[in-house]
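Ligands are counted one by one from 1 in listed order, and the atoms in each one are counted from 1 as well.
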Amino acid sequence: MQRPNDFPSWQKLQRLYGQTRNVHLRDWFARDPERAERYAMTVGGIYADFSKNRINDEILDALVELAQESGLPEKMQQMFGGSKINQTEQRAVLHTALRNRSNLPVVADGKDVMPEINRVLRQMGDFAGEVRNGSWRGYSGKEITDIVNIGIGGSDLGPLMMCTALKPYGHPRLRMHFVSNVDGAQLSDTLAKTNPETTLFIVASKTFTTQETLTNAHTARAWFLQYAGEPDIAKHFIAVSTNREAVAQFGIDTDNMFEFWDWVGGRYSLWSAIGLPIMLYLGEEHFVEMLSGAYLMDRHFIEAPLRHNLPVLLALIGVWYINFYGYGSHVIAPYDQHLHHLPRFIQQLDMESNGKRVQLDGNRVATATSPIVWGATGINGQHAFFQLLHQGTHVAPIDFIVGLHKHGSLPEHHEILLSNVFAQAEALMRGQTEAEARAALSAQGLPEERIGLLAKHKVFEGNHPSNMLLPRSINPHDMGSLIALYEHKVFVQGVIWGINSFDQWGVELGKQLAKTILAELKGEQKTQPHDASTSRLIRLYRDVNSDTRRL
Ligand code: G6Q
């Protein structure tokens with residue numbers, strides 16, 4: 001299998017990097033007034049300005065050649081067409097079928113998956129309708145007021161992020177809770193806030209074998225049974241899974257199970273039954289709007305020429321920084337408060353998908369892969385980590401994300417918020433020279449010696465790249481488009497690096513070791529040969545908790 005740096009476009013890009021690396025974005029903007037128009041586009045409801053990147057037409061053309069040489073168009077067709085592109089797990093990758101609003105057949109393993117997708121969507125819609133209109137009642141006849149989703153990773157982050165983002169669309173009677181950590185504190189805190197008579201638990205696990213989720217689910221069940229009887233479980237426990245047998249074994253009636261399939265990856269699953277909390281909270285109509293927003297991005301991705309294709313361009317610009325500039329991290333800075341879980345969501349999407357060092361053919365990759373993705377709400381970041389972005393020694397390209405339309409009734413807040421987003425992107429791009437710093441200080445009337453001391457500290461080198469992603473507002477449709485945009489961006493980068501973006505073997509080893517160590521901590525098994533540090537830690541735990549020790 002060819003490596004990306006074997007392609008002719010790679011050599012071209014290397015040359016272009018050498019020629020342009022010292023050009024300042026300020027100069028690019030000064031020389032080319034059309035830049036902001038040329039390097040921007042609207043897809044669905046999202047306006048994307050990528051002009052504050054260290055790119056020009058020649059660089060973009062060469063990056064697109066790299067995508068061509070990597071076989072991106074064929075790989076896109078394979079993904080949408082149901083080929084088993086997740087080779088290590090021998091699975092198709094069909095989250096796009098879940099939002100295929102055309103309803104045209106999508107075939108995986110010789111079978112059209114659309115009828116099953118539609119069946120589960122209908123089942124979700126009916127159930128959500130009943131809970132929302134109050135006809136689904138708890139064991140004592142009361143309406144449901146609290147929904148607790150028990151799941152982790154892909155079975156948690158998507159619904160948590162979307163329900164938080166779209167809170168203004170939420171049902172006024174329903175309070176959403178998400179329990180993922182096996183630290184009992186999260187579940188106890190949640191149970192302390194809920195009433196068993198009016199609480200619905202969703203046990204969300206693709207495999208239904210995940211230790212954290214099953215432990216929390218068993219504990220929730222035991223808590224519920226302190227107040228109600230076994231037959232009442234049917235009204236209060238719902239499962240979302242691909243594993244019918246394990247659901248039945250847990251004691252959830254499979255009539256109360258919402259199914260999805262092995263071709264839906266965990267971190268790509270919010271469009272499936274894993275999105276049930278989203279549908280319960282927002283209603284079927286808004287959930288379908290979210291699917292439609294994603295579908296629109298899918299169509300754009302599959303139909304637009306690569307050079308005018310937003311997910312492709314964002315991915316290629318990312319590759320430009322990671323592989324040519326050597327920038328190892330990427331910041332997600334949403335400004336809407338309701339998007340505060342978005343950085344975590346994209347972190348999983350990107351780092352679990354492309355945090356790989358082996359190519360599809362098993363050979364070690366020749367170039368860097370996924371960046372370290374991090375971030376927080378931008379306005380808070382400005383008062384914390386943005387210092388490093390402005391004046392530190394690392395460069396981390398940023399995605400600024402904020403809804404354009406005003407919302408809420410508080411005067412001025414949105415203008416203040418947006419002024420900050422635009423100012424940060426401008427400041428990072430433009431910077432401030434020493435001469436400008438001097439002029440500003442002297443305008444303040446500072447004495448010359450003070451100016452001499454301060455000016456150097458007030459230099460901002462600028463030339464710091466960013467993307468500006470502006471949905472019309474944080475609404476279900478545009479959120480659907482935004483998340484699909486990131487999914488495809490990650491896919492494109494995976495194709496270029498020749499890796500499998502859809503497996504996650506990296507989580508396995510720790511899971512296996514934890515099983516052995518758990519038995520040792522509980523004293524059910526004699527200490528296994530570990531390294532000296534691990535053995536000592538196990539002994540320390542057992543000594544501290546020696547009253548509960550059994551061996
Ligand atoms: C996501 C990963 C991972 C997964 C969790 C939960 O792509 O596969 O985050 O979602 O490990 O797995 P279950 O849904 O099987 O409990």
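Of the residues Arg267, Met161, Met162, the one that meets the side-chain contact (heavy atoms from CB on, under 4.5 Å) test with Phe345 is Met161.
Taking the six-membered ring for Trp and the full ring otherwise, Tyr281 and His171 have centroids separated by 6.0 Å or more.
Between Ile322 and Trp497 there is a side-chain heavy-atom pair separated by less than 4.5 Å.
Residues satisfying the side-chain contact (heavy atoms from CB on, under 4.5 Å) test with Glu230, not counting sequence neighbours, are Arg221, Leu225, Ile233.
The number of heavy-atom neighbours closer than 6.0 Å to CD of Glu285, taken from other residues, nucleotides and ligands shown, is 12 or below.
Taking the six-membered ring for Trp and thresholds of 30 and 60 degrees, Tyr321 and Tyr327 have nearly parallel ring planes, at less than 30 degrees apart.
Using a 4.0 Å heavy-atom criterion, the residues that approach ligand 1 are Ile152, Gly153, Gly154, Ser155, Ser205, Lys206, Thr207, Thr210, Gly266, Arg267, Gln348, Glu352, Gln504.
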